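To keep things clear, I will list the structure first and then write my remarks on it.
Just so we're clear, the structure is a prediction, and the values are computed from it rather than from any experiment.
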Amino acid sequence: MPSIQRHRAAAGQGRGQRDPLRRAKAEKPAKAQATTPSAAAPDAAAPRAKAAPSPRKAEPARPTAPAKRPKAVKPEAMGRAPRKPRVVRGAPELEREDKAPARKADAKGRRPARHGLSGPPRPAEPPKEAARPPAVRETPRRKPTEASRYIAFHKPYGVLSQFTAESGHRALAEFDLPPGVYAAGRLDMDSEGLLLLSNDGTLINRLLSPRHGHERSYLVQVEGEPDEAALQALREGVRVRDYVTRPARVEKLEAAPDLPPRDPPIRERRHIPTTWLKITLTEGRNRQVRRMTAAVGHPTLRLVRVSIGALDLGDLPRGRWREVRRKDVLPRG
């Protein structure tokens with residue numbers, strides 16, 4: 001008997017299943033539970049919350065419109081009286097602020113007191129004159145300058161080509177030269193010969209400018225006997241430091257020129273002969289003749305300048321000077 005009850009209970013055929021009331025009560029809450037939505041289930045009609053956008057797909061910020069400036073409030077809107085326009089007082093003959101007629105001066109130039117206030121009389125304004133044309137500025141006349149002077153000087157050996165002595169060397173100031181003249185170019189201290197002095201700046205610039213190429217002639221005593229190749233190199237131009245000299249006229253003299261002995265005398269070697277050359281250049285660089293002869297292997301022992309342009313030294317004694325004319329230096333200048 002017990003085994004049959006256990007078998008019915010396992011098959012769902014117990015007492016509770018046989019009772020129709022209990023079965024109906026048990027099925028009713030199950031149906032209600034099936035038709036009624038669960039409180040835990042989400043409402044399908046309710047709007048879903050929008051998920052936050054991903055930082056990678058975030059939209060760029062839109063520019064905001066600039067804030068508008070507040071409009072100016074007129075004084076009338078705030079209960080204040082409007083400001084009166086500022087009136088600038090003009091000349092006495094113009095009307096005043098209160099439209100009162102301008103005060104006029106009497107015959108003696110006095111004006112009536114204003115608002116009962118007395119004061120010193122104002123002087124009458126002088127009548128305006130008619131506008132005058134601007135005065136024409138006259139060009140000042142140049143004062144007549146002193147006459148141009150040209151001095152040919154035979155510079156001795158050991159004298160600087162300037163009037164100020166330096167380092168114990170002699171200068172031009174000891175030779176009683178005319179005042180206001182200056183050397184047209186330089187002649188080295190250890191060189192002799194013709195030195196031109198003048199107060200004509202135009203002539204000096206013309207002589208020194210390499211563009212004009214005025215000739216300068218020198219008598220040069222060199223060491224040794226230059227051959228024809230050395231002479232030809234001097235004629236065509238030799239390289240001296242960082243430049244090549246211009247073509248020159250070079251002539252070998254057969255006999256020594258008629259010149260007074262130098263004081264002090266040159267240094268001579270017993271077994272080495274000397275040669276005299278006449279070199280004419282169209283440029284005057286610093287110590288150019290000495291560097292040219294040294295470049296071909298024949299150092300210069302004595303150098304005497306005998307001409308500048310058309311001016312010759314002639315028989316002018318050493319340390320003396322004579323006055324010449326401009327056309328004696330540059331006939332066509």
Side-chain angles (χ1 to χ4, degrees), residues 152-159 161 183-196 206-316 318 328-332:
F153 175 63
H154 188 164
K155 187 187 87 66
Y157 175 87
V159 178
S161 298
R186 297 181 61 86
L187 193 61
D188 299 333
M189 183 188 66
D190 51 354
S191 300
E192 316 162 58
L194 179 61
L195 181 66
L196 179 66
R206 189 178 181 86
L207 286 174
L208 299 181
S209 174
R211 180 166 57 92
H212 298 285
H214 297 293
E215 294 183 348
R216 305 163 178 83
S217 297
Y218 302 86
L219 294 178
V220 187
Q221 186 179 10
V222 297
E223 187 178 69
E225 295 182 0
D227 55 7
E228 189 60 27
L231 298 178
Q232 188 63 26
L234 294 174
R235 295 186 185 107
E236 295 177 357
V238 295
R239 175 166 292 278
V240 176
R241 294 191 174 182
D242 57 344
Y243 67 94
V244 178
T245 61
R246 291 182 179 180
R249 294 204 311 267
V250 180
E251 180 184 355
K252 184 178 180 179
L253 303 180
E254 298 297 334
D258 186 13
L259 294 174
R262 200 186 74 174
D263 184 20
I266 65 171
R267 177 179 57 86
E268 294 185 5
R269 298 182 183 182
R270 183 178 301 177
H271 303 289
I272 300 178
T274 61
T275 304
W276 281 92
L277 304 175
K278 184 176 182 180
I279 303 177
T280 302
L281 307 177
T282 55
E283 57 181 345
R285 295 178 181 267
N286 183 30
R287 302 182 71 85
Q288 180 173 344
V289 175
R290 296 179 184 274
R291 291 172 178 171
M292 288 174 63
T293 60
V296 295
H298 298 277
T300 297
L301 301 176
R302 187 180 181 185
L303 189 147
V304 182
R305 184 161 64 186
V306 294
S307 69
I308 300 176
L311 181 64
D312 292 329
L313 180 62
D315 57 353
L316 184 64
R318 183 188 301 161
D328 296 334
V329 183
L330 296 177
R332 302 177 183 177

Has Gln232 got more than 12 heavy atoms of other residues, nucleotides or ligands less than 6.0 Å from its CD?
->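 More than 12 within 6.0 Å, yes.
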side-chain contact (heavy atoms from CB on, under 4.5 Å) partners for Pro260, two or more places apart |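 Testing Pro260 for side-chain contact (heavy atoms from CB on, under 4.5 Å), a comparison that skips the adjacent residues, returns Arg318.
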Apply side-chain contact (heavy atoms from CB on, under 4.5 Å) to Ser307 and list each qualifying residue two or more places apart in sequence or on a separate chain.
-> Ser217, Asp312
Leu187 backbone acceptor or donor facing Ser161 side chain under 3.5 Å =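 Pair found, side chain donor or acceptor close to backbone of Leu187.
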Arg305 side-chain N/O to Gly193 backbone N/O, donor-acceptor pair under 3.5 Å = no
Verify side chain to side chain contact (heavy atoms under 4.5 Å, CB included) between Leu195 and Val159, making sure each step is shown before the conclusion.
-> CA-CA 11 Å; Leu195 181 66; Val159 178; over 6 Å; no
Where is the tightest heavy-atom contact between [X] and [Y], given as atom of each residue plus distance?
| X | Y | answer |
| --- | --- | --- |
| Leu301 | Ile266 | O-CG2, 3.6 Å |
| Gly185 | Leu208 | CA-CD2, 3.5 Å |
| Asp227 | Ala230 | OD1-N, 2.9 Å |
| Gly224 | Ile272 | N-CG2, 4.0 Å |
| Arg249 | Glu215 | NH1-OE2, 2.8 Å |
| Val238 | Ala295 | CG2-CB, 4.2 Å |

Determine which pairs satisfy salt bridge (charged side-chain N to carboxylate O under 4.0 Å, His left out) with at least one residue from [range], sequence neighbours left out, and list them in order.
| range | result |
| --- | --- |
| residues 250-275 | Glu223-Arg269 |
| residues 235-245 | Glu228-Arg235 |
| residues 186-195 | Asp188-Arg287, Asp190-Arg287, Asp190-Arg290, Glu192-Arg302 |

Rounded at 0.5 Å granularity, tell me how far [atom1] in [X] sits from [atom2] in [Y].
| X | Y | atom1 | atom2 | answer |
| --- | --- | --- | --- | --- |
| Ile308 | Asp328 | CD1 | CG | 13.0 Å |
| Thr300 | Ile279 | OG1 | CD1 | 7.0 Å |
| Leu234 | Leu277 | CG | CG | 7.5 Å |

Could you tell me which residues satisfy ring-ring contact (aromatic ring centres under 6.0 Å, His included) with His214, sequence neighbours excluded, listed by chain and number?
-> His212
Under 3.5 Å, is there a donor-acceptor pair linking the side chains of Gln221 and Thr274?
->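 A donor-acceptor contact under 3.5 Å links the two side chains.
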Does any non-hydrogen side-chain atom of Val222 lie less than 4.5 Å from one of Val296?
-> no
Identified side chain to side chain contact (heavy atoms under 4.5 Å, CB included) counterpart of Tyr218 within the set Thr280, Leu281, Val306 =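 Output: one option passes, namely Leu281.
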Steps toward side chain to side chain contact (heavy atoms under 4.5 Å, CB included) verdict (Arg291, Arg285) | CA-CA 10 Å; Arg291 291 172 178 171; Arg285 295 178 181 267; over 6 Å; no
